[in-house]
Amino acid sequence: KKNIEQAIVWMKKAHIKNGDWSREYCSLLQRSADICYLKEAIAIANDKVTYDISFNMVLGRAYLKGKGVEKNIEMAIAHMK
């Protein structure tokens with residue numbers, strides 16, 4: 001049985017210990033319906049996107065689906081290019 005909440009707890013520990021897990025942590029946060037988790041994913045992605053373009057996909061998905069941010073197709077496309 002999948003337990004997103006428990007997975008988030010463990011992945012957060014990995015993210016804090018080693019920032020290389022940040023992208024996976026953000027992706028997991030985006031699977032949740034909890035607005036706090038969604039906003040955390042956006043905050044991490046915004047912080048890291050300037051030096052790791054792969055976080056554009058995290059932001060693109062957020063804007064495409066309106067998860068943690070207001071839905072904005074133009075912003076989604078800009079991040080996914």
Side-chain angles (χ1 to χ4, degrees):
K1 181 178 170 182
K2 292 182 181 180
N3 185 332
I4 296 294
E5 295 294 322
Q6 191 63 33
I8 287 172
V9 168
W10 284 103
M11 187 61 75
K12 183 171 189 165
K13 292 177 183 182
H15 157 71
I16 290 169
K17 188 172 184 174
N18 181 347
D20 290 345
W21 289 99
S22 297
R23 192 172 35 264
E24 289 82 358
Y25 179 53
C26 286
S27 293
L28 188 58
L29 291 170
Q30 287 184 311
R31 292 170 137 186
S32 172
D34 186 313
I35 190 68
C36 292
Y37 287 151
L38 297 172
K39 288 186 181 252
E40 183 178 358
I42 298 303
I44 292 168
N46 275 323
D47 183 51
K48 297 199 177 257
V49 75
T50 56
Y51 58 90
D52 185 345
I53 62 169
S54 65
F55 282 92
N56 276 314
M57 289 306 292
V58 172
L59 294 169
R61 277 193 305 267
Y63 282 108
L64 180 66
K65 297 179 180 186
K67 291 185 127 190
V69 293
E70 188 174 328
K71 188 173 184 174
N72 185 324
I73 301 301
E74 290 79 23
M75 288 291 289
I77 291 168
H79 282 290
M80 291 183 177
K81 278 188 175 181

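The neighbour count for I53 CD1, taken as heavy atoms of other residues, nucleotides or ligands under 6.0 Å away, does not exceed 12. Heavy-atom contacts from other residues, nucleotides or ligands closer than 6.0 Å to NZ of K12 number 12 or fewer. Atom CD of E70 has 12 or fewer neighbouring heavy atoms from other residues, nucleotides or ligands inside a 6.0 Å radius.
Interatomic distance, NZ of K81 versus CG of N56, reported as 12.0 Å (0.5 Å rounding). Here SG of C26 is found 8.5 Å from NZ of K48. Values are rounded to the nearest 0.5 Å. How far CG of L59 is from CE of M80: 9.5 Å, rounded to the nearest 0.5 Å.
For A45 against F55, the heavy-atom pair with the smallest separation is CA-CD2, 3.8 Å. Scanning all heavy atoms of the two residues, the minimum distance from A76 to Y63 falls at N-CB, 3.7 Å. Between Q30 and V58, the closest heavy-atom pair is NE2-O, 2.9 Å. The shortest non-hydrogen separation linking D47 to T50 is O-OG1, 3.8 Å.
Residues I42 and M57 are members of separate hydrophobic clusters, defined by side-chain heavy-atom contacts under 4.5 angstrom among Ile, Leu, Val, Met, Phe, Trp and Tyr. I44 and L38 end up in different hydrophobic clusters when Ile, Leu, Val, Met, Phe, Trp and Tyr side chains are linked at under 4.5 Å. Taken together through direct or relayed side-chain contacts under 4.5 Å among Ile, Leu, Val, Met, Phe, Trp and Tyr, I77 and L64 form part of one hydrophobic cluster.
Defined by atom type and a distance below 3.5 Å, a donor-acceptor pair is missing between the side-chain atoms of S32 and D34.
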* To do: Under the side-chain contact (heavy atoms from CB on, under 4.5 Å) rule, what do R23 and D52 come out as? Steps first, then yes or no, please.
  => CA-CA 10 Å; R23 192 172 35 264; D52 185 345; 3.1 Å; yes
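Residue H15 forms a ring pair (Phe, Tyr, Trp, His ring centres under 6.0 Å) with just one option from Y25, W10, W21, and that option is Y25.
Within the 4.5 Å cutoff, the side chain of K67 has no heavy atoms near those of the Y37 side chain. No side-chain heavy atom of I8 sits under 4.5 Å from any side-chain heavy atom of Q6.
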